[in-house]
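Just so it is clear, the model here is predicted, and its values are computed rather than measured.
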Amino acid sequence: MELAALGLQAERHFGAPQDTEWAIDTTGALWLTQSRPITTLYPVPESRSAAGGGTRVYLCFSLAQGLTRPLTPMGLASLRLIGSSVARAAGFAVPDPRRGPSPYAEAAQRAYVDVTTPVRSTAGRRILPRVFDVMEARSATVLRQVFEDPRFSVTRTTPFGLLRHVLPAAVHARVPETVLRGLLMPKAVLRRVDRFTRQFAGHLELDAGAGPLERLDHAEQLLGSRLFTIVPAILPLPALGFAALWAAGKLLGGAGRGEELQKVLRGLPQNVTTEMDLELWRLASAMKDDREAREALKTREPSRLAADFRGGSLPPVLHAGLARFLARYGHRAVAEIDVGMPRWSDDPTYILGVLANYLRLTDPDMAPDAQFSRAAAEAEAAVDRLAAEARTRGRLRGLLVRAALERTRLFAGLRELPKYQLVLGLAEVRKQLALVGAGLAADGRLDSGEDVFFLEFDELRQALGRSNADGTGQHRNLRELVGERRAAYSSELGRRHIPRVLLSDGTEPEVLYAARAGTADGALSGSPASAGSVTAPARVILDPVGAHLEPGEILVAPSTDPGWTPLFLTAGGLVMEMGGPNSHGAVVAREYGIPAVVGVPEATIRLTTGQQITVDGGAGTVAPT
């Protein structure tokens, strides 16, 4: 007890948890011989909903979005505004939208959500882990372990509280109507979605002559009320597609049909991410036929090519093709939910590196467009086969199975569209903020226009409200603030371990309960994501920018978002530490028929580049060979 008191005294003295060394002398007296800060502790999130007391459960939203890197201060500020708009749409009070809804929290520049209330309710325990089973499977496993903790026993057994918020929001967003149209008039509802997305994109931009405060107002308005409207308008349709797949499985007998049904999800139409990837492949194919463009991609570094593109000195065919691609997809990026991250149109270095990688692919059978066509043909054959099998048990059953699987094919690919449209809006927010930052830098209020992404909205308004005559001290303080935040951000970039679930007492349940995922023969285990088996060298990639991936190698990554997926086109397989069967990486891997296993703990640590491994996407295993 005396030793514990001494440790607490050291912590109070230094103001942070301490790693101490101590001794006991011959008289029994205690001595501290050394004390230093514990730098490996992950900071504990704190939400406003924690004011009620008791231990809280925090779920990492960043990881659920396939994002392991920190978010910039403006990226976090933008997420808080979007979160507030979601909460208000569901009928929750949000006193200050800039602080986010009450369950929102941040730690180590990552976004967390306080899920204590759903964890302690019967409805929440049914819904929350099932959602994460398909989004981020390991998070679902950890949540189920948390359910066993007596501190989080169920206090709400009826779903009325949830329904009171969900049903009015769903009705307001016309979700029931969308689902009904999808069942009865699938082609018409797709045309309706197309019209909606065109209108949404058409109303994002602001007039070029707007002033800085107007630009700031526009950015906040987009984040606070307009961007999220795209999600309930589209999301019910891919949900219907996956529900139809589940229904078809039940009609076919349920258990044991998972791998067959998974084939239906290959080569899906309406998937904007795979359409983007195939467009990039077509651009690379055109470069192969142009000697000057081909030599430029082979001999110049991607960063040099990007500078040449900005300077207008790329070979004409390459310059024109890249410009066309960026005009359509330039709003995308790696870690694209962070408005502080440069878009491909800002810096096309990554895209040019991917194009150079594509030139190494010489086997026509491995060409992504050929793989996609084969996958689509296999999926259509699977629909015919399963419908014929169901028909042997009754004509009506056969018709129902075919109708369900056809709707799966039509709607499941839309799973990528809501985020695509959100990112389109975030790119407009970034554009307006960058213009504000450029103006502040020109006036001497910031050192660089990019510094704007290390400030928040209220700080920006303060900066815009001060004149050059009386704001010198404020400008210096802003620069100091930006400098501190840039240093903290740079430090966080090096953090490798991010808790997917964290308790407010600092406990990480995954570490407390879970053993390393492995099998007796040394294979790693995870969640099956895309069926098939492949044996090839591993390529561990932590950051896709500048990454080199030889055709046929197995990509091993901590997580992926749509910005990673151009690398998938030449990969032989995929292994991810994060994700679930319906995460971005899994969806795109299935599109091309690439074997994939997700949710493999410590995959980027336990596997090494060049190591020969076998990925079994049906069994969910990764084995050294």
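- Below 30°, between 30° and 60°, or above 60°: for Tyr420 and His331 the angle between ring planes is above 60°, a perpendicular geometry.
- Atom CD of Glu11 sits in a crowded spot, with more than 12 heavy atoms from other residues, nucleotides or ligands closer than 6.0 Å.
- Under a 3.5 Å cut-off, the side chain of Ser62 and the backbone N or O of Ala111 do form a donor-acceptor pair.
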Q) Between Arg500 and Glu136, does a salt bridge (Lys or Arg N to Asp or Glu O under 4.0 Å) hold up when you go through it step by step? A) CA-CA 9 Å; Arg500 47 182 31 85; Glu136 217 292 299; 3.0 Å; yes
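- Considering only heavy atoms from C-beta on, Asp447 stays 4.5 Å or farther from Val482 through its side chain.
- Here the side chain of Gln421 pairs no donor or acceptor atom with the backbone of Pro418 at under 3.5 angstrom.
- For the pair Thr609 (side chain) and Val540 (backbone), a donor-acceptor distance under 3.5 Å is present.
- Checked against the 6.0 Å centroid criterion, the rings of Phe61 and Tyr112 do not qualify as a close aromatic pair.
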Q: Assess whether salt bridge (Lys or Arg N to Asp or Glu O under 4.0 Å) is satisfied between Arg430 and Asp338, documenting all intermediate values.
A: CA-CA 9 Å; Arg430 176 181 168 81; Asp338 184 354; over 6 Å; no
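- Here the straight-line distance linking atom OG1 of Thr560 with atom CG of Leu67 works out to 11.0 Å at 0.5 Å rounding.
- Between Glu492 and Arg69 there is no side-chain heavy-atom pair separated by less than 4.5 Å.
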Q | Trace of the salt bridge (Lys or Arg N to Asp or Glu O under 4.0 Å) decision for Arg138 with Glu577 | A | CA-CA 9 Å; Arg138 284 170 63 195; Glu577 294 179 333; 5.9 Å; no
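- Contact of the Tyr104 side chain with the Pro101 side chain is registered, since non-hydrogen atoms from C-beta on lie closer than 4.5 Å.
- Within the 4.5 Å cutoff, side-chain heavy atoms of Leu216 are placed close to those of Arg461.
- Side-chain N or O atoms of Thr20 include none that pairs as donor or acceptor with a backbone N or O of Ser35 at under 3.5 Å.
- At distances below 3.5 Å, not a single donor-acceptor pair connects side-chain atoms of Arg360 with backbone N or O atoms of Thr570.
- Closest of all the heavy-atom pairs between Ala603 and Val556 is O-CG1, 3.9 Å.
- For the atom pair CG (Leu32) and CG (Leu6), the distance works out to 4.0 Å, reported to the nearest 0.5 Å.
- Listed here is the closest heavy atom pair of Ala296 and Leu305: O-CD2, 3.8 Å.
- Judged by distance alone, the side chain of Thr565 and the main-chain N or O of Phe568 form no donor-acceptor pair under 3.5 Å.
- Side-chain N or O atoms of Thr507 include none that pairs as donor or acceptor with a backbone N or O of Leu503 at under 3.5 Å.
- Here Asp114 pairs with Ser47, Ser49, Arg56, Thr116 under the side-chain hydrogen bond (donor to acceptor under 3.5 Å, both in side chains) rule; sequence neighbours left out.
- Using a cutoff of 4.0 Å between basic side-chain nitrogens and carboxylate oxygens, Arg304 and Glu301 are not scored as salt-bridged.
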Q: Could you walk me through whether Phe309 and His319 pass ring-ring contact (aromatic ring centres under 6.0 Å, His included), step by step?
A: CA-CA 6 Å; Phe309 175 71; His319 188 281; 4.7 Å; yes
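- The CG atom of Leu322 lies 10.5 Å from the OG atom of Ser345; values are rounded to the nearest 0.5 Å.
- Considering NE2 of His203 and CZ of Arg226, their distance stands at 7.5 Å, rounded to 0.5 Å.
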Q.
Applying salt bridge (Lys or Arg N to Asp or Glu O under 4.0 Å) to Asp561 and Lys419, what does each step give before you reach the verdict?
A. CA-CA 10 Å; Asp561 67 2; Lys419 186 172 185 180; 5.1 Å; no
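- Look at Arg151 and Asp149 and you find a salt bridge, because one of the NZ, NE, NH1 or NH2 atoms lies within 4.0 Å of a carboxylate O, short of that distance.
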Q.
Run the side chain to side chain contact (heavy atoms under 4.5 Å, CB included) test on Arg98 and Glu220 for me, step by step, so that the C-alpha distance in whole Å, both residues' side-chain angles and the decisive distance to 0.1 Å come before the verdict.
A. CA-CA 9 Å; Arg98 289 183 187 169; Glu220 286 200 80; 3.1 Å; yes
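- Listed for the Glu336 side chain is a donor-acceptor partner under 3.5 Å among the backbone atoms of Ala333.
- A distance of 11.5 Å separates OG1 of Thr604 from CD1 of Ile541, quoted to the nearest 0.5 Å.
- Here the shortest heavy-atom pairing between Met341 and Ala335 reads CG-O, 3.6 Å.
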Q. What's the verdict on side chain to side chain contact (heavy atoms under 4.5 Å, CB included) for Glu428 and His218, showing C-alpha distance, side-chain angles and the deciding distance?
A. CA-CA 9 Å; Glu428 178 64 19; His218 183 62; 4.2 Å; yes
Q.
Checking Gln432 against Leu206 for the side chain to side chain contact (heavy atoms under 4.5 Å, CB included) test, could you report, in this order, the C-alpha distance in whole Å, the side-chain angles of both residues, the deciding distance, and whether it holds?
A. CA-CA 8 Å; Gln432 299 304 328; Leu206 184 66; 3.8 Å; yes
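- Considering only heavy atoms from C-beta on, Pro558 comes within 4.5 Å of Leu542 through its side chain.
- Side-chain N or O atoms of Arg495 include none that pairs as donor or acceptor with a backbone N or O of Leu493 at under 3.5 Å.
- Trp344 is listed as a side-chain neighbour of Tyr350, based on a closest heavy-atom distance under 4.5 Å.
- Salt-bridge annotation for Arg300 and Asp308: present, with a side-chain N of the basic residue lying under 4.0 Å from a carboxylate O of the acidic one.
- Shown here is Asp207, whose CG atom has no more than 12 heavy atoms of other residues, nucleotides or ligands within 6.0 Å.
- Using a 4.5 Å heavy-atom cutoff, the side chains of Phe152 and Val57 are in contact.
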Q: Could you check Leu524 against Arg606 for side chain to side chain contact (heavy atoms under 4.5 Å, CB included), going step by step and ending with a plain yes or no?
A: CA-CA 9 Å; Leu524 309 181; Arg606 301 170 69 184; 3.3 Å; yes
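- Of the candidates Val597, Val598, Leu555, Val598 is the only one forming a side-chain contact (heavy atoms from CB on, under 4.5 Å) with Met576.
- Using a 4.5 Å cut-off on side-chain heavy atoms (C-beta onward), Leu433 and Leu460 make contact.
- The shortest non-hydrogen separation linking Val44 to Gly506 is CG2-CA, 3.8 Å.
- Note: Arg310 CZ to Asp347 CG = 5.5 Å, rounded to the nearest 0.5 Å.
- Heavy-atom neighbours of Gln9 CD from other residues, nucleotides or ligands within 6.0 Å: at or below the threshold of 12.
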